[in-house]
Amino acid sequence: MSYLNLLLLFIPLSFLGQYWQVGDSWIFIAACIAIVPLAVLISDATEEIAGYTGPKIGGLINATMGNIPEFFIGLFGLQAGLHELVLASMAGSIIGNILFVLGVSIFCGGVLHSTQTFDKTVARSNFSLLCFAAISLVVPLAFKLTQHDPAKLERGLSVLSFSMASIMLLIYLMGLVFSLIAGKNLFLEQDRNGNGKEAKWPLRHAVAVLAATSFFVAIESELLVSKVEAAVRELQLPELFIGIIIVPILGNVAEHTSAVMMAVHNKVDISLEIAVGSSMQIAMFVAPLLVLISFALGNPLIYVYDPFEVIAVSSAILLSLYVFQDGKTYWLEGALLTFTYVIFCVAFFFQ
Amino acid sequence: MSYLNLLLLFIPLSFLGQYWQVGDSWIFIAACIAIVPLAVLISDATEEIAGYTGPKIGGLINATMGNIPEFFIGLFGLQAGLHELVLASMAGSIIGNILFVLGVSIFCGGVLHSTQTFDKTVARSNFSLLCFAAISLVVPLAFKLTQHDPAKLERGLSVLSFSMASIMLLIYLMGLVFSLIAGKNLFLEQDRNGNGKEAKWPLRHAVAVLAATSFFVAIESELLVSKVEAAVRELQLPELFIGIIIVPILGNVAEHTSAVMMAVHNKVDISLEIAVGSSMQIAMFVAPLLVLISFALGNPLIYVYDPFEVIAVSSAILLSLYVFQDGKTYWLEGALLTFTYVIFCVAFFFQ
Amino acid sequence: MSYLNLLLLFIPLSFLGQYWQVGDSWIFIAACIAIVPLAVLISDATEEIAGYTGPKIGGLINATMGNIPEFFIGLFGLQAGLHELVLASMAGSIIGNILFVLGVSIFCGGVLHSTQTFDKTVARSNFSLLCFAAISLVVPLAFKLTQHDPAKLERGLSVLSFSMASIMLLIYLMGLVFSLIAGKNLFLEQDRNGNGKEAKWPLRHAVAVLAATSFFVAIESELLVSKVEAAVRELQLPELFIGIIIVPILGNVAEHTSAVMMAVHNKVDISLEIAVGSSMQIAMFVAPLLVLISFALGNPLIYVYDPFEVIAVSSAILLSLYVFQDGKTYWLEGALLTFTYVIFCVAFFFQ
């Protein structure tokens with residue numbers, strides 16, 4: 001990770017950029033790059049802490065803390081009123097994990113190991129919650145498209161957003177309870193390195209790293225969000241494309257690297273847990289939490305995704321349900337998932 | 001069932017209400033309540049008669065007679081010209097059975113027995129027919145949304161409604177033949193109590209009860225339907241909500257109770273047969289039969305559901321296909337199905 | 001095949017028709033009929049050639065040459081500017097194979113042999129590529145429906161069509177490589193007669209037949225396409241119906257006959273390979289190839305199907321995924337698939 005840590009230099013660079021008032025899009029790029037090593041450090045620190053607590057509590061900590069970058073970007077996006085960007089980054093995170101992260105993992109694993117097998121039942125609970133997440137995207141959109149009375153529409157969407165977010169968090173908690181009782185690994189992997197390794201950092205050190213990186217992630221997230229509009233203007237990138245493709249990649253670098261490494265070491269189960277688990281946590285924990293926070297802040301995030309996002313997320317979930325149904329993976333399936341992601345990228349770029 | 005029989009008192013109450021001209025919405029409520037014990041008695045009587053005929057003919061009788069309340073409500077709805085209410089009650093019956101009835105059953109069963117298993121192949125035929133039913137909802141809606149020439153649209157929808165209803169009844173009959181030949185239990189359970197119990201009532205008694213309860217269900221259905229508009233006005237309940245949530249609950253109380261009891265007794269196969277079978281019969285038998293009757297009456301029921309109903313029914317069917325694919329059920333899956341139903345209820349309330 | 005060869009007489013008849021200037025719709029009908037025996041002869045010749053090359057190269061030849069009739073009809077459709085007809089014939093070929101050809105095969109096989117079983121893993125790769133094809137239909141349509149800026153729409157659709165067609169061909173090639181490496185039969189059957197039969201025709205003879213029939217198929221395809229508009233006018237058949245129902249039947253007669261024969265001989269695996277493989281080749285090879293050719297010709301085929309076609313193809317693929325998931329087939333499932341096709345036919349007729 002030492003090379004990656006060099007990227008931490010982009011934190012002071014982003015501050016200097018602001019001080020010297022270089023172009024806003026340069027600051028945007030610096031903030032984007034700075035988030036990558038921070039997200040990886042948060043993952044490392046979380047895992048180290050989890051090493052002190054035993055696997056069950058450790059899984060909980062991993063599940064809750066692993067999405068800090070996504071959460072902060074969402075939070076500052078809410079504050080800046082960039083509701084569409086927040087929703088796009090949630091949708092992009094779901095698609096990115098199950099198509100791109102998994103696709104590349106399976107492709108690499110499949111090229112090296114031919115057929116790879118995994119335990120179907122482990123992935124099932126995550127996929128069940130993802131199915132629910134897909135329905136939770138479809139329902140409010142369908143409501144919006146079929147309710148033509150503006151007053152009823154506004155009130156209905158508001159109630160629907162709030163009640164769906166509450167129900168999703170409730171189901172997420174039920175899922176946590178379920179996995180604690182069943183001893184099954186519903187929520188993120190004990191350990192992204194795939195073996196019951198001992199904690200290497202002193203606990204105090206790990207907590208300090210987590211606190212410090214979270215602090216800087218928050219700062220860089222705010223920077224990034226505050227410069228998005230300049231980036232849209234100056235870099236000619238559509239906002240939807242930034243939200244759905246670029247932002248999710250920043251927060252998911254840690255998951256991406258781990259998932260590919262696991263597949264390369266013929267542990268495709270763990271790749272699946274990382275990628276599908278991460279998608280599910282974004283969909284069922286981070287997104288509904290942001291909705292509830294937005295209601296508390298008095299500026300409700302109406303939980304209605306763009307129709308094209310709904311179609312992309314639903315197709316991605318359906319495709320992965322089919323591909324992972326048989327407990328085996330081949331490189332061809334990895335290529336299918338990856339190219340589906342590429343097609344979505346092209347479409348979002350021109351949207 | 002003795003407590004439930006007290007509700008039969010709402011039959012005379014509904015008559016008295018009409019005589020004394022109390023508010024129409026009171027009569028509506030009384031008719032709603034009166035239908036509940038009648039529906040349960042029809043189920044009981046049907047089952048007793050089936051006890052005299054052996055399992056094959058018994059299954060046929062169950063499948064045909066168990067939906068008498070839904071049929072009468074639909075029939076009087078047709079006569080009153082409340083076509084949207086009729087379609088909504090069909091959609092609501094399908095959703096209610098596979099999400100709410102099954103969800104609660106699996107949740108209760110799962111809490112008591114942890115993992116429950118069932119024979120995947122038994123549920124398959126019912127699910128195959130449900131898939132066909134889902135397509136039969138999507139096709140005419142898609143036709144309506146994409147055909148912009150009004151004359152062609154009207155003619156096309158009329159031909160499509162008639163031919164689809166005929167095909168669905170034909171497939172339903174084929175399904176009956178298939179289950180008779182295969183000896184498989186495609187259509188409703190031999191016996192909702194899950195054991196090959198002997199008939200307890202004399203045949204004559206059972207037939208008399210069936211006749212009497214059917215008669216009263218017809219009367220109360222007509223009352224209910226005739227007061228729906230008053231109820232919409234006075235109780236401030238949207239008509240779609242009455243059709244899709246309230247009406248189906250009345251006719252499905254018997255199925256609901258049995259399905260939950262079976263799951264509690266760790267016979268989740270039978271819960272599945274009851275709930276999925278009942279959904280399938282509504283979709284493939286009662287609904288197309290009403291369409292054909294409406295054509296015979298000269299006031300064709302155009303078989304196009306509301307877009308939101310189509311989305312709800314399709315999502316419910318896809319979700320249940322996934323959840324029941326592995327031959328195992330957990331309480332978490334029950335919670336998922338139940339909460340999906342809750343979300344649909346909220347959405348329909350504000351529609 | 002001797003009776004079928006009598007239909008070759010329709011080749012000279014179609015020429016005479018043109019010479020004598022009989023009604024255009026008569027020439028259209030003659031060209032339609034003439035294509036049937038030609039398509040069967042192309043299949044036979046391809047298979048004979050494949051008999052000389054060993055199964056792997058043979059599979060490749062079969063996969064590439066078996067779709068010559070569909071390719072020529074598409075090519076001349078492009079030249080004549082009948083883009084909608086070309087897309088409709090692709091969609092119709094996919095639907096026709098997985099619903100009608102498979103439905104009839106399974107129904108006939110099931111009536112004779114009761115339950116038929118097949119190896120689930122063989123069908124999986126084809127179905128995975130079909131899932132991808134379904135997404136590739138949904139994405140550009142969703143793009144078109146959600147992008148309201150005409151300039152961006154046009155440019156986006158053009159880029160999307162070109163890049164999707166390239167990706168689909170790439171995936172198709174990957175699939176070929178995958179099946180060559182894995183030794184699995186991803187692409188069409190070694191031999192439609194289901195046994196490792198020896199080549200019967202001299203190689204030179206087979207190549208000559210292939211060349212001659214391809215030549216005449218090209219001529220008749222051009223005739224057919226040039227008379228489509230007259231047929232629409234004079235026979236009162238909607239163009240969409242001709243494209244989606246009639247044209248695909250002509251090119252698929254060979255596949256249809258073989259698939260049914262295999263099911264009747266209790267080799268339902270081979271029926272599946274023929275029908276699903278043929279659908280997949282149309283979707284992932286012929287259609288994208290035509291798109292790329294259309295770009296080369298400077299008259300781009302925008303790869304956006306009619307919404308109703310997208311719904312029909314997606315529903316057909318989802319239904320067949322479910323039906324073939326368990327490795328068993330019953331006549332009831334065959335009836336379901338066939339009647340789904342009938343419903344689509346009715347809907348397309350009135351579209």
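Reckoned from all heavy atoms, side chains included, excluding hydrogens, waters and symmetry mates. A note on names: the letters A, B, ... follow the listed sequences, proteins ahead of strands, and every chain is numbered from 1.
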> In terms of heavy-atom proximity below 4.5 Å to chain C, should L336(A) be classed as side chain, backbone, both, or neither?
Replying inline: both
> Under a 4.5 Å heavy-atom cut-off, does chain C meet the side chain of F344(A), its backbone, both or neither?
Replying inline: side chain
> Among S314(C), A142(C), P140(C), who wins on heavy-atom pairs under 4.5 Å with chain A?
Replying inline: A142(C)
>> Can you tell me which portion of L157(C) sits under 4.5 Å from chain A's heavy atoms? Options are side chain, backbone, both or neither.
In response: neither
> Which region of S163(C), side chain (C-beta onward) or backbone (N, CA, C, O), has a non-hydrogen atom less than 4.5 Å from a non-hydrogen atom of chain A, or is it both or neither?
Replying inline: side chain
> Would a distance-only check, ignoring hydrogens and angles, find a side-chain to backbone donor-acceptor pair under 3.5 Å from S158(C) to E154(C)?
Replying inline: no
> About how many Å separate NZ of K227(A) and CZ of F28(A), when rounded to the nearest 0.5 Å?
Replying inline: 11.5 Å
> Hey, are E273(A) and N126(A) close enough side-chain-wise for a donor-acceptor pair under 3.5 Å?
Replying inline: no
>> Before you tell me yes or no, could you show the steps for F349(A) and F241(A) under ring pair (Phe, Tyr, Trp, His ring centres under 6.0 Å), namely the whole-Å CA-CA distance, both residues' side-chain angles and the distance that decides it to 0.1 Å?
In response: CA-CA 5 Å; F349(A) 189 82; F241(A) 186 77; 5.0 Å; yes
>> Between F143(C) and F350(A) (judged by ring centroids, cut-off 6.0 Å), do the two rings come close enough to count as a pair?
In response: no
> Most heavy-atom pairs under 4.5 angstrom with chain C, which of L337(A), V346(A), L318(A)?
Replying inline: V346(A)
